[in-house]
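Written out below as C-alpha cells is the structure these notes cover.
Just so it is clear, the model here is predicted, and its values are computed rather than measured. Every chain is numbered from 1 and lettered A, B, ... according to where its sequence line falls, protein lines coming before strand lines. All values below come from the heavy atoms of this structure, side chains included, with hydrogens, waters and symmetry mates left out.
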There are 2 protein chains.
Amino acid sequence: MRHGLTAARRRAALARFERFLERRDLRLTPARAAIVEAALAQPGHFPIEALVESLRRRGIRGSKATVYRALPLLTEAGILQEAVVKGDERSYEAAVGRRHHDHLICSGCGTVVEFEYPAIEILQREVAARHGFELEGHHLQLSGRCPACRGRGAGRGGDLRQGLAEDGS
Amino acid sequence: MRHGLTAARRRAALARFERFLERRDLRLTPARAAIVEAALAQPGHFPIEALVESLRRRGIRGSKATVYRALPLLTEAGILQEAVVKGDERSYEAAVGRRHHDHLICSGCGTVVEFEYPAIEILQREVAARHGFELEGHHLQLSGRCPACRGRGAGRGGDLRQGLAEDGS
DNA sequence: CGTAATATGAGACATGGTCTCACTGCAGCG
DNA sequence: CGCTGCAGTGAGACCATGTCTCATATTACG
Ligand SMILES: [Mn+2]
Ligand SMILES: [Mn+2]
Ligand SMILES: [Zn+2]
Ligand SMILES: [Zn+2]
C-alpha cells in the first residue's frame with residue numbers, strides 16, 4: 001500500500017499548507033500545490049536544484065524563482081525542513097509524517113546518518129531560555145569519519161566523492 | 001597591558017601554527033604568518049572578506065586565494081573556528097585563548113549570543129559513538145527572538161515551530 | 001649555486017541564490 | 001459580462017562567495 005500511504009501524506013500536507021497559507025492571507029495556487037507534490041515525491045534529502053528539475057520534467061512549469069519563493073513557506077508550514085548544508089548547497093527533506101531529527105555526516109565519503117536525540121533538543125531549549133530567547137529553530141550537524149572510512153583510515157578525507165548511501169524513505 | 005596580552009596571544013598562536021604545519025610538512029611562510037596575525041586582529045566574528053580586506057589594508061599582499069587556502073589550516077590548527085553561517089557567508093572567530101562555544105542568533109535583529117554548554121557537547125559525542133563515527137566537528141546554531149525583539153512583539157508572529165508532536169503514518 | 005618542490009597572487013571562472021520586470025489569471029466591481 | 005487591481009509567476013539578468021588556473025616567486029637542500 002505504499003501508494004495509498006503517500007497519497008494520504010500528500011493530502012495531509014496540502015491540507016496543512018492550505019491552513020497555513022490562509023492564516024497568512026496567501027493563496028494555494030496551482031504552482032504552490034505542484035511544488036508541494038514534487039517536494040514530497042523527492043527521495044530522502046534533496047538539493048533544491050533537484051526539485052526545480054523535477055517540476056520541469058513533470059511538464060509543470062515552475063521557475064527557479066517560484067520554487068525559491070515557496071521554500072520558506074513550505075518550511076514554516078512544517079512540510080519541509082532544511083536538512084544538510086554541504087558547502088554552499090542546502091538540501092531539504094520532507095517533514096510531514098516525520099519526527100524532527102538532525103544529521104551526522106562522514107567527511108570521508110559523504111554518507112549522511114540521521115539521528116534523533118531528545119535530550120539534546122531539551123538542552124537547546126534550556127540554553128535559549130537561559131538567555132531569554134524564544135527558540136524558533138536550530139541547526140545541528142555533526143561531522144566525523146564513518147566506520148568504513150575509519151577502517152580504510154589513511155588518506156586525508158581522500159576524495160571518494162559522494163557516497164549516496166543516504167537513507168531517506 | 002592590553003598590548004602585551006595580544007602580543008602573547010599572537011606568539012602562542014604562531015607557535016601552535018608552526019607546530020601544526022611541521023607535523024603536516026608545510027611551511028610557515030610570511031603570507032601564512034601575516035594571515036594569522038590579521039586573523040587575530042579581527043574583532044569578534046568576522047566574515048572572510050574582512051580578513052582579506054584587512055591584509056590588503058596593511059599593505060601586506062595577500063590574495064583571496066591564499067587566504068581561502070589558509071583558512072582550513074588555521075581552523076584545523078585550532079587558531080580559528082567557524083562561527084556563524086548566515087545565508088551564504090561564513091564568519092570566523094579567533095579560537096586561541098578561548099573555549100569552544102556555539103551560537104544563538106536573533107531572527108529579529110541579528111544579535112549573536114555565544115554559549116558554552118558542556119552537556120550538549122558530551123551528548124554529541126555520545127551520538128557519534130553510537131553510530132560508530134569518530135567525531136571531528138559539529139555545527140550548532142540556535143535561532144530565536146531575543147528579549148528585546150520579543151518585547152517589541154513586532155510582526156512575524158505566526159510560525160510556532162512544530163514541536164515534537166507529530167506522526168502521520 | 002642549481003634544481004625541484006612548494007607556495008603565492010591576479011584574475012578568470014563556477015554556481016547557488018536573488019532581483020527585476022513584463023505578464024497572467026482571477027476576484028471584485030460596476 | 002468587460003474593466004481593473006494585484007498577488008503570483010517565469011525567464012533570465014544579475015550578484016557574491018568561493019574555487020581553479022597558471023605564470024611567477026620562494027624555499028629547501030644537496
Ligand atoms: Mn534527514
Ligand atoms: Mn563565537
Ligand atoms: Zn565515510
Ligand atoms: Zn533581537
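- On a pure distance criterion of 3.5 Å, no polar donor-acceptor pair joins the side chain of Arg90(A) and the base of dG17(C).
- When rounded to the nearest whole Å, the span between CG of Leu21(B) and C1' of dT6(C) equals 13 Å.
- In this structure, the CD atom of Glu53(B) is 15 Å from the C1' atom of dT17(D), given to the nearest Å.
- Closest-nucleotide positions on DNA chain C for Arg56(B) and Asp25(B) were compared, and the one nearer the 5' end corresponds to Asp25(B).
- Remark: Gln124(B) engages His138(B) in a side-chain hydrogen bond (donor to acceptor under 3.5 Å, both in side chains) (not counting sequence neighbours).
- Listed for the Gln141(A) side chain is no donor-acceptor partner under 3.5 Å among the backbone atoms of Leu104(A).
- In this structure, CZ of Arg24(B) is placed 16 Å from C1' of dT6(C), rounded to the nearest angstrom.
- What separates CG of Leu55(B) from P of dA10(C) is a distance of 12 Å, to the nearest Å.
- Taken over five-pair windows at either terminus, the axes of the helix from dC1(C)-dG30(D) to dG30(C)-dC1(D) are inclined to one another by 10° (rounded to 10 degrees).
- Across residues 26-51 of chain B, Arg27(B), Pro30(B), Ile48(B) each have a non-hydrogen atom less than 4.0 Å from an atom of DNA chain D (numbered order).
- For a distance-only test at 3.5 Å, the side chain of Lys64(B) qualifies as a donor-acceptor partner of the base of dG18(D).
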For residues 46-54 of chain B, which side-chain N or O atoms pair as donor and acceptor with protein atoms under 3.5 Å away, sequence neighbours left out?
residue  : atom : partner  : partner atom : Å
Ser54(B) : OG   : Gln42(B) : NE2          : 3.2

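- Distances shown here put every side-chain N or O of Ser63(A) at or beyond 4.0 Å from the OP1 or OP2 atom of dA11(D).
- Annotation: ring-ring contact (aromatic ring centres under 6.0 Å, His included) contacts of His101(B) (sequence neighbours excluded): His103(B).
- With sequence neighbours left out, His139(B) forms a ring-ring contact (aromatic ring centres under 6.0 Å, His included) with His139(A).
- With Arg32(B) contributing its side chain and Arg27(B) its backbone, the two residues share a donor-acceptor pair below 3.5 Å.
- Checking dT18(C), dT8(C), dA11(D) against every side-chain atom of Tyr68(A), the shortest atom distance belongs to dT18(C).
- Pairing each heavy atom of Ser143(A) with each of Leu135(B), the nearest pair is O-CD1, 3.5 Å.
- Side-chain atoms of Arg69(B) and base atoms of dG18(D) include no donor and acceptor less than 3.5 Å apart.
- When His100(A), Arg99(A), Arg98(A) are each tested for a side chain to side chain donor-acceptor pair (under 3.5 Å) with Glu116(A), only one passes: Arg99(A).
- Looking only at atom types and distance, the side chain of His45(B) has a donor-acceptor partner in the side chain of Glu114(B) under 3.5 Å away.
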